[in-house]
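See structure below.
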Amino acid sequence: MASDTDTTKTETVYCHNCGEQIDAAAELCPHCGVRQRPPPSAVDDKRLVAALLAILLGSFGAHKFYLGRTKVGILYLLFFWTGLPGLVGIVEGALYLSKSREEFEAKYAERDR
Ligand SMILES: [Zn+2]
């Protein structure tokens with residue numbers, strides 16, 4: 001719609017459902033019709049939940065697990081006794097909240113690999 005993202009290169013990704021190659025910007029797979037990205041409201045929810053987890057349970061890396069960063073989450077768990085992850089979590093929670101929905105989605109959501 002009115003969002004003009006200046007991505008000149010056309011990246012392709014593989015559909016989560018059927019595995020067909022589709023445009024990375026496609027919201028729905030043209031082959032099977034499965035949604036590739038969560039709708040904006042869901043992303044906003046995710047951002048809020050991640051921020052809350054980071055602030056309240058940051059010591060245990062809860063927000064990392066929530067965002068699918070399991071390895072980083074385990075690191076938080078290993079070092080939670082130092083108190084550092086708790087501090088980092090609060091900072092990260094504030095960062096999540098300071099970001100726009102688009103920024104958050106681009107940076108933290110849907111990054112499998
Ligand atoms: Zn598909």
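Counting starts at 1 for both ligands and their atoms, in listed order. Just so it is clear, the structure is predicted and the values come from calculations on it, not from any experiment.
Residues Q36 and L28 share a closest heavy-atom pair of CG-C, 4.4 Å. Across G93 and A51, no two heavy atoms sit closer than the pair O-CB, 3.6 Å.
Although no hydrogens or angles enter the test, the distance criterion places no donor-acceptor pair under 3.5 Å between the side chain of R101 and the main chain of R47. A donor-acceptor pair under 3.5 Å is absent between the side-chain atoms of E105 and the main chain of E102, judged by distance alone.
Sorted by chain and number, the protein atoms of type N, O or S within less than 2.8 Å of the Zn ion (ligand 1) are C15 SG, C18 SG, C29 SG, C32 SG.
Taking the six-membered ring where tryptophan is involved, the planes of Y76 and H63 are perpendicular, since the angle between them exceeds 60° and thus also 30°.
Once rounded to the nearest 0.5 Å, the distance linking CG of L48 with CG of L97 reads 6.5 Å.
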